[in-house]
Structures are given as C-alpha cells and as structure tokens.
Amino acid sequence: MIRLAYDKGTILVYGNVRVPGSVWDTRAGAYRAPAYLYKDIRAYGESSGFTFRDDVLDLVPSPELKMRTVLRDYQERAVSAWDRAGRWGVVVLPTGAGKTHVAMKAISMANPAIVVVPTLDLLAQWKERLEDEFGIDVGVYSGDEHSLGPVTVATYDTAYIRAAELGNRFLLAVFDEVHHLPSTGYSTIAEMFACPARLGLTATYEREDGRHSELPRLVGGKVFEKSVESLKGEHLAPFELKRIYVRLTPEEEAQYQKDMEIYKNYLKENHIILRTPRDFERLVMRSGRDRHAREAILARHRARAVALNSSSKLEALADVLRKHSGDKVLIFTEHNELVYRISRQFLIPFITYKTGGEERSRNLAEFKAGNYRALVTSKVLDEGVDVPDASVGIILSGSGSKREFVQRLGRILRKKGDKKAVLYEIISGSTSEVKTSYRRHRGVDK
DNA sequence: TTGACTCAACATCCTTTGCTACAA
DNA sequence: TTGTAGGTTTCCATGTTGAGTCA
C-alpha cells in the first residue's frame with residue numbers, strides 16, 4: 001500500500017516505493033517528485049500493481065458545467081484531438097478562430113479548472129465569457145483578488161507566486177497564450193501543478209529562444225494546429241501582404257554605414273561569428289566587461305534605430321494612408337519615438353504602454369466606433385488586448401519575431417463580409433531590416 | 001479606493017566572410 | 001573530410017506588464 005500526498009508543489013510517495021522522477025527526502029520520510037509527474041506516478045503505480053491511497057487532489061467543489069455554444073467543426077476536432085492525447089496538449093489556432101470556445105468545451109469535460117492568462121485585460125475577458133457560458137461565479141487570482149471558483153482565472157504572475165497553494169485544487173489547467181509558459185519563472189507553475197489534465201492555447205507555438213521544446217514536458221506537445229491560411233476566406237478575412245522598400249536618406253545612410261562598420265569591425269577583429277541567439281547573448285555578456293564590445297553593441301543599436309525609424313518611411317506611410325482613406329488602419333512600430341512622430345505629423349491618436357487605462361479604452365472605443373480612422377501603436381496591442389477590427393495594417397517596424405508578426409496580422413483578420421484585408425510592411429532596403437522582415441515571415445505568407 | 005511610484009520578469013537582440021578543437 | 005559546438009558566473013537597450021508599497 002502506498003500513499004500519495006501533495007506538498008507545496010510536489011508529490012510525496014509514502015510506502016518505500018521509488019517512483020520515476022522522485023528522490024528520497026529524509027525529513028519527510030518519503031520519496032518526493034515534482035507535482036507535474038502526478039499522472040505518470042499514478043500510471044506507474046497502477047501498471048506495477050500497487051494499491052493506493054491517493055490524497056493528492058483537494059478539488060474545489062464544482063457543479064456540472066454544460067456548454068451552450070455549438071462549436072465549429074475545427075474547434076470540435078481540436079477538442080477531440082486533445083481528448084485522444086490523454087487530455088494533455090497544445091491547440092494552435094490563429095487569433096479570431098475561437099480558442100476560448102475550445103477551452104470552454106475542455107472545461108465542460110474536466111473541472112474544476114484554472115485558466116492562466118498573461119494580462120489583467122485577458123483575465124477580465126475570460127471571466128466575463130466563462131460566466132456567460134456556464135452561468136457560474138468565476139474565481140479570480142490576481143494581485144487584487146483571491147477567490148476560488150469551479151473555474152478560476154489567474155494571471156501567470158499570481159499563479160507563479162501561489163503555485164504551491166493552487167497546485168492540487170483543479171483537475172484541468174488551461175494556459176492561455178501558452179508560449180509564455182516555458183520562460184524560466186513561469187515554467188514552475190506547470191511543474192508545481194498536479195492537474196492531470198492540461199490544455200495550452202496559442203496562435204504561435206514557436207519561441208525565438210527555442211524554449212518551446214519544453215512544452216511537451218509541461219503541458220503536452222502540439223495536438224492540433226490550424227494555420228491562418230487554412231481559415232482564410234471562410235472563417236477569417238482573406239488577406240494580402242505587401243512589402244514596400246524605401247531608401248534611407250543620405251544622412252541616415254551615412255550614419256547607418258558608420259555604425260555598422262564599428263560593429264562589424266569589432267566582430268571581425270575578435271573572430272566572433274554569430275550563428276545562434278546564444279552567440280549574441282554571449283556578445284552581450286561580454287559587453288559587460290569589454291569596453292569595445294559595449295561600443296560595438298551600442299553602435300549596432302544606433303544603426304538598427306536608423307533603419308527602423310527612417311524618415312523615408314513616413315513618406316511611404318503618407319502614400320498608404322492616402323490610398324486607404326476610407327479604411328480603418330492600425331499602424332505598428334518597434335519604438336515609441338516613431339509612434340509619437342507619426343502621431344504629431346499625421347494627427348493620429350496613439351497608444352503605448354505609457355498611455356493610461358482610461359485614455360487607452362477611449363482611443364480603442366473611438367476607433368471601434370469609426371470616429372478615429374487610424375491608430376498608431378508600438379507593441380502594446382500585439383497581445384492580450386481586445387482590439388477593434390481594422391482592415392488595413394501597416395508594420396512600419398518590428399522585430400524578427402514570427403509571433404509578433406502573426407499577432408499583428410491577426411488584428412486585421414476578423415471576418416467582415418467579403419472585404420479583403422491588407423497588411424503592409426515598410427522596410428528600409430539595403431539594411432539589416434530586410435532580413436529581419438524575412439525572418440518574421442517564415443512559414444506564414446506562402 | 002486611487003494613483004504614483006518601484007521592482008521583477010519577460011521578450012527581443014543573430015545568420016557575411018573569419019577560428020579551433022573535437023566528434024562523426 | 002566534414003560538420004558543429006564553443007563557455008560561465010545575470011545582461012549593451014527598449015518595450016511591456018503585474019504585483020507590491022506608500023501616501
């Protein structure tokens with residue numbers, strides 16, 4: 001007879017049976033394993049013919065949760081795939097394809113459940129939608145409020161801080177925007193949770209740092225994927241990508257070349273070849289000790305800023321805006337400086353992280369109502385904010401992140417009749433930005 | 001309760017050539 | 001011969017958020 005118990009994010013195995021993944025804990029007088037192995041530990045015990053006393057889960061009381069909304073066929077297939085995979089796994093769906101409905105179906109099958117989200121905005125949206133769907137009081141775990149319900153919504157930050165106390169209260173853990181989960185801190189949430197059922201949701205599985213390789217261990221691998229392309233036209237607006245290349249002004253060109261020269265020379269003189277993100281990380285670490293490395297990196301920053309914020313881009317922007325004078329337009333940039341310049345020059349309202357909550361909602365509402373035709377922003381609207389539809393997106397600058405690109409594309413894809421959406425990219429030709437742009441497209445625009 | 005602040009955490013930051021030691 | 005990893009020990013800058021503190 002072995003007894004399993006939950007202890008602050010771990011499973012204690014009493015009865016002198018060493019289960020895989022556990023180590024002996026002298027003080028507890030038991031083997032101890034991370035809580036995410038709970039399901040495996042049970043399976044191991046059962047296949048070895050042990051009898052159990054299982055005291056791990058201490059579930060929040062939950063009524064039967066019935067789903068009223070009827071799922072679309074692909075949403076139904078996503079849930080089945082997850083179910084077949086042993087109720088572990090990640091569903092990849094583009095923005096606007098109804099990930100919430102997939103999760104709600106899963107919640108109706110396995111509850112009590114916790115939904116972990118990256119922002120307070122998303123927390124509020126999930127709470128509202130879950131209450132509408134199931135007619136229950138939804139619990140909230142955030143900085144301001146701690147209440148448990150049959151379904152509880154928590155921020156990643158609070159789930160991280162309180163993982164030890166939440167870890168055995170739910171059957172199912174849903175991780176919204178699950179690409180956040182593999183980061184060093186947040187991954188401990190999944191490790192300290194015993195939930196035998198797990199569902200991850202995202203529009204972009206891959207991370208630039210490659211840590212998505214951790215997802216199979218933490219929530220299960222990818223069990224279902226639907227690309228933007230396959231939903232284009234039927235469930236999402238058809239779209240077109242247009243690249244516009246501009247030339248730097250002569251002064252910018254001179255500045256760019258000068259700074260890139262400093263950067264490249266440093267690499268050359270020190271026999272440094274950058275192949276992977278890790279190589280670049282090393283260079284950054286080196287710059288903490290090596291004055292010349294620091295100068296090189298600063299020069300590279302200046303060069304990049306020149307390319308991303310070139311004034312030629314504003315002329316191209318003016319052309320695009322003229323061409324789409326009757327459309328709703330969202331403009332994205334990498335840096336806030338450019339946001340402010342555009343806002344001043346074209347008299348377009350802006351939103352950055354410094355924009356207060358009230359002004360932010362007001363700008364979004366006016367944009368939604370059509371009183372503002374355009375909105376300019378840097379990265380705040382990339383994720384986790386309910387942004388009103390637009391039919392034209394203009395990426396004036398951005399990173400090489402595929403995720404950022406897909407999220408920005410998602411902002412113009414909600415279906416509005418047969419209207420075709422257009423996403424422009426304005427790129428400084430003959431600069432490193434050309435490659436950055438290609439990198440973010442990988443696998444998206446074919 | 002609100003607002004202003006600080007702090008910690010997260011994400012991106014790369015790919016042109018070049019070196020050297022070691023493994024397949 | 002060809003291919004590939006290399007190196008740790010917290011990190012140049014910018015953008016963004018949630019939590020916590022204090023008035």
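Proteins get letters first, then strands, A, B, ... in listed order; numbering begins at 1 in each.
- A cation-pi arrangement is found for A:Lys328 relative to A:Phe367, the charged atom lying closer than 6.0 Å to the ring centre and inside a 45° cone about the ring normal.
- Atom C1' of C:dC11 sits at a distance of 11 Å from the matching atom of B:dC13, rounded to the whole Å.
- The CG atom of A:Leu338 sits 21 Å away from the P atom of C:dA13 (whole-angstrom rounding).
- The side chain of A:Lys379 lies closest to C:dG15, out of C:dG15, C:dG6, B:dT15.
- Here the nucleotide nearest the side chain of A:Ser183, chosen from C:dG18, B:dA11, B:dC14, is B:dA11.
- By the 6.0 Å and 45° rule, A:Arg243 stacks over the aromatic ring of A:Tyr438.
- To the nearest angstrom, P of B:dT6 lies 19 Å from CG of A:Asp157.
- The nearest heavy atom of DNA chain B to A:Met260 and to A:Tyr186 marks one nucleotide each, and the one closer to the 5' end goes with A:Tyr186.
- Figure legend. B:dT1 is base-paired to no nucleotide; pairs are counted as Watson-Crick or G-U wobble with both atom distances under 3.5 Å.
- Salt-bridge annotation for A:Glu214 and A:Arg217: present, with a side-chain N of the basic residue lying under 4.0 Å from a carboxylate O of the acidic one.
- Taking only side-chain atoms of A:Tyr353, from C-beta outward, the nucleotide of C:dG7, C:dG15, C:dG18 with the closest atom is C:dG15.
- The phosphate of B:dA9 (OP1 or OP2) has no side-chain N or O of A:Thr184 nearer than 4.0 angstrom.
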Pair A:Tyr424, A:His324 - check side-chain hydrogen bond (donor to acceptor under 3.5 Å, both in side chains), show working.
CA-CA 12 Å; A:Tyr424 289 90; A:His324 291 278; 2.7 Å; yes
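- In the set C:dT17, C:dG15, C:dA19, the nucleotide with an atom closest to the side chain of A:Arg360 is C:dT17.
- At the phosphate of C:dC12, neither OP1 nor OP2 sits under 4.0 Å from any side-chain N or O atom of A:Arg286.
- Of all nucleotides listed (C:dG15, B:dC14, C:dC12), B:dC14 comes nearest to the side chain of A:Leu274.
- OP1 or OP2 of B:dT16 sits under 4.0 Å from a side-chain N or O of A:Lys435.
- The interatomic distance linking A:Glu145 (CD) with C:dA19 (C1') rounds to 15 Å, in whole Å.
- Residues A:Glu334 and A:Asp144 each lie close to DNA chain C; by heavy-atom proximity, the contact nearer the 5' end of the strand is made by A:Glu334.
- Distance OH (A:Tyr263) to P (B:dT17): 14 Å, rounded to an integer number of Å.
- Residues A:Tyr263 and A:Leu274 come closest through the heavy atom pair OH-CD1, 3.2 Å.
- Across A:Arg408, A:Arg440, A:Lys242, a single residue satisfies side-chain hydrogen bond (donor to acceptor under 3.5 Å, both in side chains) together with A:Glu425, and that is A:Arg440.
- At the phosphate of C:dT16, OP1 or OP2 sits under 4.0 Å from a side-chain N or O atom of A:Ser378.
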Pairs: protein N or O with nucleotides 18-22 of chain B N or O, under 3.5 Å:
from: B:dC19; atom 1: N4; to: A:Arg275; atom 2: NH2; distance (Å): 3.0

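- Between A:Leu57 and A:Phe170, the closest heavy-atom pair is CD2-O, 4.3 Å.
- Separating the P atom of B:dC19 from that of C:dT9 is a span of 29 Å, rounded to the nearest Å.
- The pair A:Lys379-A:Glu334 meets the salt-bridge criterion, since a charged nitrogen lies less than 4.0 angstrom from a carboxylate oxygen.
- At a threshold of 4.0 angstrom between heavy atoms, the contacts of A:Ile297 include nucleobase atoms, whether or not backbone atoms are also involved.
- Taking only side-chain nitrogens and oxygens, A:Thr155 never comes nearer than 4.0 Å to OP1 or OP2 of C:dG18.
- Summarising the geometry, the separation between CD1 on A:Ile351 and P on C:dT16 is reported as 11 Å, rounded to the nearest angstrom.
- Taking the side chain as every heavy atom from C-beta outward, A:Val115 and A:Val138 never approach each other to under 4.5 Å.
- Note on A:Asp279: nothing from the nucleic acid sits closer than 4.0 angstrom, heavy atoms only.
- Remark: P of C:dG18 and OH of A:Tyr141 are 19 Å apart, rounded to the nearest angstrom.
- Two residues, A:Phe280 and A:Arg162, neighbour DNA chain C, and the one matched to the more 5' nucleotide by heavy-atom proximity is A:Phe280.
- Phosphate contact (OP1/OP2 of B:dT12, side-chain N/O of A:Arg300, threshold under 4.0 Å): absent.
- Between A:Thr436 and A:Lys264, the residue whose closest nucleotide on DNA chain B is further toward the 5' end is A:Thr436.
- Residue A:Val284 has its side chain nearest to C:dC11 when only C:dG18, C:dC11, B:dC14 are considered.
- Here, C:dT10 and B:dG18 have their C1' atoms 29 Å apart, quoted to the whole Å.
- Summarising the geometry, the separation between CG on A:Leu120 and P on C:dG20 is reported as 11 Å, rounded to the nearest angstrom.
- Applying the 4.0 Å criterion to OP1 and OP2 of B:dC10, one finds that A:Arg403 has every side-chain N and O outside that range.
- For B:dC14 and C:dC12, the C1' atoms lie 15 Å apart once the distance is rounded to whole Å.
- Atom-to-atom, CG of A:Leu181 to P of B:dC10 comes out at 11 Å; the value is rounded to the nearest Å.
- At the phosphate of B:dA11, OP1 or OP2 sits under 4.0 Å from a side-chain N or O atom of A:His180.
- Among the atoms of the strands shown, none is found under 4.0 Å from any heavy atom of A:Tyr160.
- For the pair A:Ile427/A:Val434, a side-chain contact is recorded, criterion being any heavy-atom separation below 4.5 Å from C-beta on.
- Residue A:Arg207 has a polar side-chain atom (N or O) positioned under 4.0 Å from OP1 or OP2 of B:dA11.
- Within the 4.0 angstrom heavy-atom criterion, only backbone atoms of the sugar-phosphate kind lie near A:Ser142; the bases stay farther away.
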